[in-house]
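Below is one structure; the comments refer to it alone.
All of these numbers come straight from a predicted model, not from anything done at the bench. Whatever order the structure lists them in is the order used to number ligands and atoms, beginning at 1.
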Amino acid sequence: MDHRELLGDAIKEECGVVGVFTPGEEVANTTFFGLFALQHRGQESAGIAVSDGEKVRMHKDMGLVNQIFTPEILESLKGDMAVGHNRYSTTGSSVLRNAQPIYCQSLVGEIAVAHNGNLINAVELRLKMQAEGEHFDSTSDSEVLARIIVNNLKNGPVEAVREVLRLCKGAFSVVVLTPNMLIGFRDPLGIRPLSIGRLGEKGYMIASESCAFGPVGAVVDQDLKPGEIVVVTRDGMRVEQGIESPREAMCLFEFIYFARPDSRMFGTGLYSARLRMGEKLAQEHPVEADIVVPVPDSGIPAALGYAKESGIPFREGMTKSRYIHRTFIQPDQRMREIGVRMKLTPLEDHIRGKRLILVDDSIVRGTTTKQLVKMMFDSGALEVHVRITAPPIVYPCFYGIDMASKGELAAARMTIPELAEYIGCTSLGYLSVEGAQKAVDGKTEGFCTACFTGKYPLEIPDGLKKHAFDDPPHVGEMATVTAGQGHLFDE
Ligand code: AMP
């Protein structure tokens with residue numbers, strides 16, 4: 001049985017996690033609002049597990065957070081300590097049994113676990129555990145992690161978490177609930193984010209992103225560092241190093257696209273980081289044009305940065321429907337294409353007769369950009385220069401971002417000139433990996449850039465890799481191209 005059969009499509013999971021403790025006060029509503037603020041990290045299933053100090057109760061289902069949790073359900077989840085989870089995965093494993101939190105119990109105790117990221121050695125660990133008689137209820141890699149914790153509870157929950165840090169490889173930002181303890185921890189490379197917040201006098205919150213704190217009145221305390229464990233009990237909160245961190249490898253794509261712009265990571269607001277990415281993009285790929293047009297919403301800060309740096313006016317060129325979710329969620333290509341047209345519609349008066357610079361965060365399959373370029377030309381644009389803040393995405397992600405398989409990645413299938421021709425733009429320019437990193441905090445260390453460079457911070461087992469890639473395509477160092485002429489130029 002190969003990796004995919006064992007783990008379904010679990011390697012394509014995207015998730016948000018939250019943990020809350022407010023001593024003596026019901027916590028389900030706060031957890032619900034935290035998950036609501038993290039809805040962008042996963043829209044397929046959600047769940048909340050609550051402890052009243054004695055028992056853990058849980059509710060999870062398929063759907064969006066506000067579809068799943070009615071006031072009656074929240075009312076039934078009694079207790080002052082909780083964990084919650086949002087999940088998105090591609091179709092294969094989109095089933096309730098893979099929804100989280102994962103509840104496990106042993107003779108020693110019970111836990112509920114919510115995991116963001118992907119283990120790359122889950123199959124190996126699972127086969128070993130199965131050989132020792134372990135039974136699994138789901139195809140999720142997170143269950144492997146949860147079962148390691150529950151099997152080691154005899155040494156106390158914190159020791160059990162240390163065992164996970166020793167055994168598991170890959171990306172894992174996790175929150176764990178026991179009847180009397182809330183624990184959060186990050187893998188030794190810190191690939192996915194996790195922040196700690198303070199909530200009122202004695203309360204704490206742990207969340208994938210700090211944007212979950214504001215709406216419920218929590219304030220950022222600190223980012224959990226790679227390999228650290230945060231332990232929240234009725235006596236307070238402490239942070240300890242769970243395992244030595246060899247280096248930091250935080251996902252660069254979180255900064256470019258995935259995380260919400262109002263979150264803070266690495267000591268910077270993500271909106272500001274994206275503005276700086278736009279400025280750098282203008283430096284790396286300048287072009288003469290009349291207006292800079294963002295692809296809303298994700299392209300807005302970068303377009304503002306591009307406009308500022310280039311001196312070319314920022315102008316909205318399309319509107320976005322508030323009632324449609326990420327087109328990416330649509331499972332097949334035709335639905336994705338209709339989805340783009342439902343989501344974004346042109347503002348013809350702004351576009352007609354203009355040479356535009358169209359700024360977006362990323363090209364994955366190329367569906368969105370191709371349609372938007374056509375939409376701009378159909379609305380009378382004279383030229384459409386596409387500028388993208390993510391460097392070309394050439395390699396699949398094994399650490400918890402759904403980047404599609406290599407065969408589907410536009411920049412992996414085509415050279416940059418071919419891609420520019422495919423999407424039909426006048427020119428195409430990508431921000432460099434170095435430019436994107438420097439825009440975050442001025443450094444070029446501490447990031448996972450695997451989807452752009454193929455440099456995976458942890459070696460990927462052959463079984464996972466074989467589905468994914470062969471030789472890297474020749475995207476080379478350059479990234480600006482003029483379609484039609486079929487040649488590359490560095491401006
Ligand atoms: P595509 O049409 O496949 O090229 O998708 C590109 C668009 O999808 C980008 O403009 C992003 O806004 C969005 N996107 C990129 N990566 C992801 C992801 N992992 N999950 C959801 N949406 C994404």
Side-chain angles (χ1 to χ4, degrees), residues 9 11-16 38-44 86-91 94 116-118 171 191-192 208 251-261 270 274 277-278 281 293-303 318 320-321 324-344 358-375 386-414 419-420 422-425 428 430-431 436 448 450-452:
D9 272 340
I11 63 159
K12 291 187 173 186
E13 268 175 275
E14 291 170 359
C15 308
L38 295 173
Q39 186 75 82
H40 62 289
R41 297 186 71 88
Q43 302 88 6
E44 232 167 49
N86 284 331
R87 178 171 191 265
Y88 161 65
S89 78
T90 49
T91 44
S94 170
N116 172 209
N118 279 118
I191 297 173
R192 297 273 145 245
S208 294
C251 168
L252 185 56
F253 200 65
E254 290 270 356
F255 293 93
I256 294 169
Y257 169 73
F258 200 54
R260 251 172 59 163
L270 266 67
R274 289 170 191 171
M277 286 178 197
L281 193 53
V293 172
V295 177
D297 294 314
S298 49
I300 292 173
M318 59 191 94
K320 182 178 176 184
S321 165
I324 191 155
H325 293 281
R326 289 181 174 187
T327 44
F328 220 80
I329 307 160
Q330 304 293 344
D332 69 57
Q333 189 63 14
R334 205 180 77 84
M335 288 307 290
R336 261 191 216 110
E337 286 172 15
I338 295 173
V340 174
R341 293 200 297 273
M342 291 286 293
K343 187 165 85 171
L344 297 162
L358 189 65
V359 180
D360 201 1
D361 58 89
S362 57
I363 295 177
V364 181
R365 295 174 177 84
T367 321
T368 312
T369 320
K370 185 176 166 68
Q371 296 220 42
L372 294 181
V373 168
K374 181 170 184 305
M375 191 188 279
V386 172
R387 295 293 181 269
I388 303 289
T389 51
I393 299 172
V394 192
Y395 294 91
C397 176
F398 296 99
Y399 305 125
I401 295 271
D402 174 18
M403 288 295 196
S405 59
K406 181 155 183 182
E408 294 170 299
L409 292 171
R413 287 192 292 122
M414 290 174 253
L419 184 51
Y422 169 74
I423 60 180
C425 57
L428 171 62
Y430 283 99
L431 185 59
C448 172
C451 57
F452 312 124

Under a 4.0 angstrom heavy-atom cut-off, which atoms of ligand 1 come close to [X]?
X: Asp360; answer: 10 (O)
X: Ile363; answer: 4 (O)
X: Thr367; answer: 1 (P), 2 (O), 4 (O)
X: Asp361; answer: 9 (C), 10 (O), 11 (C), 12 (O)
X: Ser298; answer: 12 (O)

Look up atom [atom1] in [X] and atom [atom2] in [Y], then write down how far apart they are to the nearest 0.5 Å.
X: Met414; Y: Leu409; atom1: CE; atom2: CG; value: 10.5 Å
X: Phe452; Y: Ile256; atom1: CZ; atom2: CD1; value: 3.5 Å
X: Leu431; Y: Asp361; atom1: CG; atom2: CG; value: 12.0 Å

[X] touching ligand 1 at heavy-atom level, < 4.0 angstrom:
X: Glu408; answer: no
X: Thr369; answer: no
X: Phe253; answer: yes

Inset, instruction - Say whether, by atom type as modelled, one donor and one acceptor occur between the side chain of Arg41 and the main chain of Ala259 under 3.5 angstrom. - result: no
Legend entry - Flag, side chain of Arg274 to backbone of Ala302, donor-acceptor distance under 3.5 Å: no
Legend entry - Working for side chain to side chain contact (heavy atoms under 4.5 Å, CB included), residues Leu358 and Val295: CA-CA 7 Å; Leu358 189 65; Val295 177; 4.0 Å; yes
Inset, instruction - Please state which part of Tyr257 comes within less than 4.0 Å of ligand 1, counting heavy atoms only: side chain, backbone, both or neither. - result: side chain
Inset, instruction - Check whether any side-chain heavy atom of Asn86 lies under 4.5 Å from a side-chain heavy atom of Gln39, and answer yes or no. - result: yes
Legend entry - Carboxylate-amine/guanidinium proximity below 4.0 Å for Arg192 and Glu14: no
Inset, instruction - Using heavy-atom distances, let me know which of Ile388, Ile393, Thr368, Ile401 sits nearest atom 5 (O) of ligand 1. - result: Thr368
Inset, instruction - Ignoring angles and geometry beyond distance, decide whether Val364 reaches within less than 3.5 Å of ligand 1 through its nitrogen or oxygen atoms. - result: yes
Inset, instruction - Return yes or no for this condition: an N or O of Gly366 is under 3.5 Å from an N or O of ligand 1. - result: yes
